[in-house]
Amino acid sequence: MSTEDHPAPRSLAEALRGRDDTALGALLRSRPDLITPVPTDLTQLATRAGTRASVVRALERLDRFALQTAEALAVAGDPASYDELLGLMAGDDRDPEVAAALPAALAALREQALVWGADDRLRLVRTARELLAPSPQHPSPTGLGPSVREATAGMSPGRIQEIVAAVGLPSTHDSVSAVQALAALFTHRRKMARLLAAAPAESREVLERLMWGPPYGQVTHDPAARLRWLLDRGLLLPTAPGTVVLPREVALHLRAGRAHRAPEPVPPAVPAASAHRPQVVDATAAGQAYTALATVEELLTDWNEGGPPVLRAGGLSVRDLKRTAVALDLPEPVAAFWVELAYAAGLLASDGEADERYAATPAYDEWLERPAPERWALLAQTWLTATRTSGLVGGRDAKERALSALGPGLDRSAAPEVRHRVLALLAALPEGAAPDPEAVLARLRWERPLRGAQGTPSAQGQRTEEDLRARLARWTLAEAELLGMTGRGALSAHGRALLGAHTEKTPRTEPHGPGDKLPFHHHRAPGALEPLSLAEQAVAAAAAARLLAPLLPEPLDHVLLQADLTAVAPGPLQRPLAAVLGVLADVESKGGATVYRFTPASVRRALDAGRTAADLHAFLAAHARTPVPQPLAYLIDDVARRHGRLRVGAASAYLRCDDDTVLNEILADKRAAPLRLRLLAPTVLASQADPAALLDGLRAMGYAPAAESADGDVLITRADAHRTPPRTPPEPVPDGPPMPDATLLSAAIRAIRAGDLASTAPRRPADPAAPRPAPGELPRTSSAETLATMQAAVLTGEALWIGYVNAEGAASQRVIAPVRVEGGFVTAYDHTADEVRTYPLHRITGVAELASD
């Protein structure tokens, strides 16, 4: 079962040196932080793989059974044999399911360089052992306490001899051998069974309470008889005044050898909780996809003339989010989701003006011109990879600052991984099947268990992280339904197609077939996404759009006019029709059919936009399937008749009208007092208010004034769409270093191999009596010696070992074959880089010839 070469490696660096390129690539792919930057050789790679930060990151990406295996190795001997590990995991009865799954779990730990050594000498990386081993401050998830040797470290020799005598063992001359004899007794099944058989029932109850942890208990200075019996025989050992602990060996005997109460070699199943016909699922999802597009359009149309202002700290105010939710007729959390999605897709941003406001970007206009299925694919693809998490809006960050929509602090690097895993679990179900959300959460907890070991997050931090991952999963299920990725809880065909490009690059996580009982283990964390090329993303988006297109409703070119001054759109309208109708009428209700209401204000809005009464009559006649009702025709004619009789210009502002009686009527109206009007001529009034305020004031009084230019022409007040300068969408915040692609991986392996060759090549010192340089130490020679050795190597063609410091001050070792030395430079074939390079001689720290062997 061991994958290590013989003879057995003496260090992790030697174990890595024995790997082929495929195995080394698997390590670097599963732990990309190890090549950021690329190590100079395998010794440096092994050192980096043992650092605390890297080991914590690797442990956090283990599934529950692989982590349980690592925890068992942390309480086993160092080194441990495979049989010892199997006993800790499968117990004395050798649970067949655990025994079958253990080789794959151990292989995963080996692949990630958390475990090394042959099967008879398994070693957990020292940092991992420190993180996972039990201690009073950080109890082990196994519930085990310290070993007999650790628990008796501060005990007096006399007390140890008393315990040895109490259990019937011969006394020894030293404490070390006495502790060894006591540990041997506790690990001997038959002898230990006889010892416990003599224990009082109350004493056995104490052991049973401590058996699965926590192993610590409190005692008084005068322990009860049941405790005294255990203390006298070392079955409980004192660790501090008033505190006792159950030794690890005793607990393992009571547990029948198991390190864990419930090993979990197989992940929880995610069964189908309900099933629907795939056609129903796809139709439901398509309907929601169309609603998603309409919602984003409505949002940005509402912000067309400039959206809400940007808070000083960034983001939307609570009041503006509430106003947006009312305008969209949605709950605030759902409105926050659409606002954040449009922002992540690059469709809206801050305009960057002095009075900073949110507005649509030029990319929004380009998005509108694309077919509906392509527009949906862009939104869905953005959602899959975005790290901004709208579900956090309304909460507080670690500093108790409120989190606002479009504001800082909403990025969660785990979001894309959780979304992908949730949808991948849905994709593994039969078409049309929807899972139970709790089953999905249980599976995710198995794939990313949280630990309470030293060095991992605190218990409070774990609860927070667990809560976040659970909330991310729940939000994913809700948001996928909102977006139309799923329908009735099941993954749609177009959602499956869009997800396909991501899932093709992840390891298969389900059994091969119905009869396949292979345990769920992988050499890469589930949900880890490889970088997709633009071509792959385009292929996935095109496939999803192609499946979605026939399911979306065809836009209509007509409405139904009614006598109560309303128009009913029985379905989605073509964009030009919807745009004009949105100006001419107000939306009264939305749903399967949209109801528009015509009012004097809405008709005046259309006239202000440059339309005439004849234009409006012609528009309605062309797009109405019913005759234009007489009340609507009268409304248009009445508003048009009064529209523009009054003209407002800049004086500060002036008001003119051919009918002087109208002006006199306005002057006499008390409501005109704030406008501070005065008569300049029989047909002209001047105002100290600006033209916009004068227009608003007169309209509030029931008039229909029109603005005019300096030349006396009527100004068309059609609202020009306010756009931001070109903006790039926010970049997702990665969860650690990105996974290397094949090109980078190949180059990194070559560089590490070449550097390892340079660092491990045997060197011949210039002085035979001088000791060889230590591994990793740069050679040191004088400038004259360096030059002479280089010139000699050019003549003989020999390879040399050099130390080199580049312009940034980074030191490295290289093996070179000098070709030419001139002008203070040496040109040589660099075996480390596998190319010809030129090096300044003053940057070479020293040179040595390679040993003949």
Side-chain angles (χ1 to χ4, degrees), residues 279-280 282-302 304 327-330 367-376 484 548-643 704 716 718-719 721:
Q279 295 85 347
V280 172
D282 294 344
T284 304
Q288 192 55 48
Y290 190 89
T291 301
L293 297 178
T295 303
V296 173
E297 287 186 45
E298 185 178 357
L299 166 68
L300 293 176
T301 299
D302 188 52
N304 216 21
L328 297 177
D329 194 20
L330 294 172
W367 180 75
L368 282 177
E369 297 302 319
R370 300 169 68 174
E374 293 182 16
R375 286 187 280 135
W376 177 85
L548 179 61
L551 302 174
L552 294 178
E554 284 293 330
L556 303 176
D557 62 352
H558 65 274
V559 294
L560 305 176
L561 298 178
Q562 302 187 109
D564 61 349
L565 296 180
T566 60
V568 178
L573 299 177
Q574 292 178 351
R575 183 167 292 109
L577 173 58
V580 175
L581 197 59
V583 175
L584 180 57
D586 298 321
V587 176
E588 189 169 79
S589 65
K590 294 178 291 186
T594 304
V595 178
Y596 294 85
R597 178 165 293 281
F598 300 95
T599 66
S602 69
V603 173
R604 185 177 63 238
R605 187 170 63 227
L607 295 172
D608 287 342
R611 301 274 180 169
T612 64
D615 293 337
L616 298 181
H617 285 302
F619 169 79
L620 293 174
H623 294 287
R625 285 292 176 88
T626 57
V628 178
Q630 193 176 55
L632 178 56
Y634 284 170
L635 174 65
I636 293 173
D637 291 337
D638 184 55
V639 174
R641 187 181 307 109
R642 294 184 293 114
H643 184 267
I716 296 175
R718 181 188 300 114

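Residue indices begin at 1 and follow the sequence shown. Predicted, not measured: the structure shown is a model, and the values here were computed from it.
- Under the 3.5 Å distance criterion, with hydrogens and angles disregarded, no donor-acceptor pair is assigned to the side chains of Thr301 and Glu297.
- Not a single side chain to side chain donor-acceptor pair (under 3.5 Å) links Arg642 to another residue, sequence neighbours left out.
- Among residues at least two apart or in separate chains, there is no salt bridge (Lys or Arg N to Asp or Glu O under 4.0 Å) pair with a member in residues 550-571.
- With contacts defined as side-chain heavy-atom distances shorter than 4.5 Å, the pair Gln562/Thr626 does not qualify.
- Residues Trp367 and Leu300 are not in side-chain contact: their nearest non-hydrogen atoms beyond the backbone lie 4.5 Å or more apart.
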- Task: Would you check, one step at a time, whether the test side-chain contact (heavy atoms from CB on, under 4.5 Å) holds for His558 with Leu577?
- Result: CA-CA 8 Å; His558 65 274; Leu577 173 58; 5.7 Å; no

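- When every heavy atom of Ala563 is checked against every heavy atom of Pro631, the shortest pair comes out as O-CG, 3.8 Å.
- Side-chain contact between Leu584 and Val603 is present, with heavy atoms from C-beta onward closer than 4.5 Å.
- Taking all atoms of both residues into account, the shortest heavy-atom contact from Leu556 to Pro570 is CD1-CG, 3.6 Å.
- For Tyr634, there are no ring pair (Phe, Tyr, Trp, His ring centres under 6.0 Å) partners two or more places apart in sequence or in a different chain.
- Listed by chain and residue number, Thr599, Ser602, Arg605 satisfy the side chain to side chain contact (heavy atoms under 4.5 Å, CB included) test with Asp586 (two or more places apart in sequence, or in another chain).
- When side chains are defined from C-beta on, Phe598 counts as touching Leu581, because their heavy atoms get closer than 4.5 Å.
- Taking every heavy atom of both residues into account, Pro373 and Leu548 meet most closely at CA-CD2, 4.2 Å.
- Taking all atoms of both residues into account, the shortest heavy-atom contact from Ala327 to Glu298 is O-OE2, 3.4 Å.
- Contact annotation: the side chain of Thr594 never approaches that of Leu573 to less than 4.5 Å [non-hydrogen atoms, C-beta and beyond].
- Screening residues 613-628 for salt bridge (Lys or Arg N to Asp or Glu O under 4.0 Å) gives no qualifying pairs among residues at least two apart or on separate chains.
- Taking CG of Leu552 as the reference point, atom CZ of Arg375 lies at 9.0 Å (rounded to 0.5 Å).
- Considering all non-hydrogen atoms of both residues, Ala613 and Asp637 come closest at CB-OD1, 4.3 Å.
- Considering only heavy atoms from C-beta on, Val580 comes within 4.5 Å of Arg611 through its side chain.
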Please tabulate, one pair per line, all N/O donor-acceptor pairs under 3.5 Å involving side-chain atoms of residues 287-295, not counting sequence neighbours.
unit_1: Gln288; atom_1: NE2; unit_2: Leu482; atom_2: O; d: 3.1
unit_1: Thr291; atom_1: OG1; unit_2: Gly287; atom_2: O; d: 3.0
unit_1: Thr295; atom_1: OG1; unit_2: Thr291; atom_2: O; d: 2.7

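- You'll find the side chain of Leu616 reaches within 4.5 Å of the side chain of Leu607, heavy atoms only.
- Taking the side chain as every heavy atom from C-beta outward, Leu635 and Pro600 approach each other to under 4.5 Å.
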